[in-house]
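Step one of this worksheet: look at the structure below.
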Number of protein chains: 2
Amino acid sequence: MQRRNEISIGTLANRTGLAVSAIRYYETQGLVAPERNAGGQRRFLRSDIRRLSFVMIAQKFGFTLDRIREVLGRLPQNRTPTAKDWRLISQDFRAELDEQIEALTRLRDKLDGCIGCGCLSLDRCALYNPDDVASNKGTGPRYLLGDEAVRPEG
Amino acid sequence: MQRRNEISIGTLANRTGLAVSAIRYYETQGLVAPERNAGGQRRFLRSDIRRLSFVMIAQKFGFTLDRIREVLGRLPQNRTPTAKDWRLISQDFRAELDEQIEALTRLRDKLDGCIGCGCLSLDRCALYNPDDVASNKGTGPRYLLGDEAVRPEG
DNA sequence: GCTTGAGCTAAAGTTAGCTTTAGGAATTAT
DNA sequence: ATAATTCCTAAAGCTAACTTTAGCTCAAGC
């Protein structure tokens with residue numbers, strides 16, 4: 001009962017490399033909205049492969065699922081997104097990314113100033129500007145960019 | 001019983017802006033190691049203000065506490081760190097940071113290529129190179145891009 | 001000397017992003 | 001027609017980085 005344009009969760013998992021459980025979780029988070037067949041099983045569209053690929057890429061850049069859902073919300077709801085639709089949101093995405101990289105670079109440059117004075121003290125240090133990098137408020141894990149960027153051990 | 005060079009956890013909290021509970025947690029994680037007074041209360045050194053300041057900065061850059069503990073381990077254990085000591089580890093730190101920024105920039109450039117083709121598909125997209133940015137941490141076996149190959153069925 | 005604020009510990013709760021487990025039901029393969 | 005997969009749901013578990021709560025002790029001010 002697998003129509004041309006419909007795929008099962010297992011197939012989607014294989015095509016994206018995601019775990020089946022992860023895809024189900026993404027559904028609860030509103031990142032995909034599959035239909036159900038007569039037996040109650042999820043039927044995804046082929047275009048969901050691209051959709052979830054986007055999710056994975058965005059995560060690699062450090063975006064949260066909430067943020068990603070927002071971005072995906074800019075895709076047309078009433079039809080399957082075209083290449084042009086994806087191009088548009090990828091461009092917005094790139095702009096945010098540029099800002100993130102710049103913020104990080106500014107922060108790094110400030111660290112340079114502090115290496116000079118060796119202070120690292122709250123009283124004087126330029127590093128304590130709250131506007132630097134979007135500071136993740138509240139409890140829970142706070143990660144923006146991968147922690148172990150490159151470990152020297154390799 | 002507050003000696004010249006010793007401060008209470010409350011004072012340390014005020015000086016760093018951290019919550020008292022956060023400082024206690026950092027102790028369990030081996031990021032600070034205060035002594036105790038006769039009554040069992042923690043007595044920190046003034047130099048711990050700088051130490052925790054470093055922790056906060058490193059977190060702002062997205063480093064995990066585990067990673068930060070490692071970095072702090074390069075400070076001398078037997079004496080209070082000098083400005084020069086801090087300068088040395090800040091430099092190492094900067095190097096890692098540079099790599100992080102570069103990895104992110106490389107990834108962004110690849111996104112540019114994909115905006116061109118609008119593909120965002122696992123089969124073709126350059127974004128799925130496992131060497132890009134260190135894969136996300138988190139729980140359990142997560143086949144993110146690169147951890148476990150994207151199966152050969154193609 | 002008594003009250004009040006600061007500290008202490010251990011344990012449980014929180015958020016994000018999932019995975020694992022348990023116990024069935026639907027599909028697919030033989 | 002079975003057997004073997006795959007899928008389903010709900011609930012619990014896990015990591016990181018903390019906070020909150022409960023119940024008690026210590027220290028400081030009047």
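Atoms considered below: every heavy atom in the structure, side chains included; atoms not considered: hydrogens, waters and symmetry mates. Chain A is the first sequence line, chain B the second, and so forth, proteins listed ahead of strands; every chain is numbered from 1.
Residue B:Ser8 has no polar side-chain atom (N or O) positioned under 4.0 Å from OP1 or OP2 of C:dA6. In terms of phosphate contacts, A:Asn37 brings a side-chain nitrogen or oxygen within less than 4.0 Å of OP1 or OP2 of C:dT27. OP1 and OP2 of D:dA27 both lie 4.0 Å or more from every side-chain N or O belonging to B:Arg43.
Side-chain proximity of B:Leu65 to D:dC18, D:dT19, D:dT9: nearest is D:dC18. Distances were taken from every side-chain heavy atom of A:Tyr25 (C-beta onward) to each of C:dT27, C:dT19, D:dC18; the shortest belongs to C:dT19. Which of D:dT19, D:dC8, C:dG7 sits closest to the side chain of A:Ile9 comes down to D:dC8. Minimum atom distance to the side chain of B:Gln41 is reached by C:dC8, of the listed D:dA17, C:dC8, D:dT9. Each of C:dT9, D:dT19, C:dC18 was ranked by its minimum atom distance to the side chain of A:Gln59; first place goes to C:dC18. Among the nucleotides D:dT19, C:dC18, D:dA16, the one closest to any side-chain atom of B:Ser21 is D:dT19. Across D:dA16, D:dC26, D:dC18, the shortest atom-to-atom separation from the side chain of B:Asp66 is found for D:dA16. With C:dC8, C:dT19, D:dT9 as the choices, the nucleotide that has an atom nearest any side-chain atom of A:Arg42 turns out to be D:dT9.
Comparing the helix axis at one end of the helix from C:dG1-D:dC30 to C:dT14-D:dA17 with that at the other, each defined from 5 consecutive pairs, gives an inter-axis angle of 30° (nearest 10°).
Mapped onto DNA chain C by nearest heavy atom, A:Arg24 and A:Gly40 fall at different nucleotides, with A:Arg24 at the one closer to the 5' end. Across the interface with DNA chain C, nearest-nucleotide mapping of B:Glu27 and A:Val55 shows B:Glu27 to be the residue nearer the 5′ end.
Put simply, OH on A:Tyr26 is 8 Å from P on C:dT19, counting in whole angstrom units. Straight-line distance from the CD atom of B:Gln29 to the P atom of D:dT19: 13 Å, rounded to whole Å. The nearest whole Å value for the distance from the CD1 atom in A:Ile23 to the P atom in D:dT6 is 14 Å. Whole-Å rounding puts the B:Asn14 CG to C:dA6 C1' distance at 11 Å. Between A:Phe44 atom CZ and D:dT6 atom P the separation is 16 Å, expressed in whole Å.
Backbone-only contact: B:Arg36 has heavy atoms under 4.0 Å from sugar-phosphate atoms and none from a base.
There is a side-chain donor-acceptor pair under 3.5 Å between B:Thr82 and B:Asp85.
Distance check: A:Thr105 OG1 to B:Ile101 CD1 gives 4.0 Å after rounding to the nearest 0.5 Å. In this structure, CD on B:Glu6 lies 11.0 Å from CG on B:Asp48, to the nearest 0.5 angstrom. Put simply, CZ on B:Phe44 and CG on B:Leu52 are 7.5 Å apart, with the number rounded to the nearest 0.5 Å. Rounding to the nearest 0.5 Å places CE of B:Met56 at 11.0 Å from CD1 of B:Ile68. One distance of note links CZ of B:Arg15 with CD1 of B:Ile49; it measures 4.0 Å at 0.5 Å rounding.
Relative orientation of the B:Phe93 and B:Phe61 rings is perpendicular, given thresholds of 30° and 60° on the angle between their planes.
By the 6.0 Å contact criterion, CD on A:Glu96 is enclosed, its count of non-hydrogen atoms from other residues, nucleotides or ligands being greater than 12.
The gap from the P atom of D:dA17 to that of D:dG13 amounts to 22 Å, rounded to the nearest Å.
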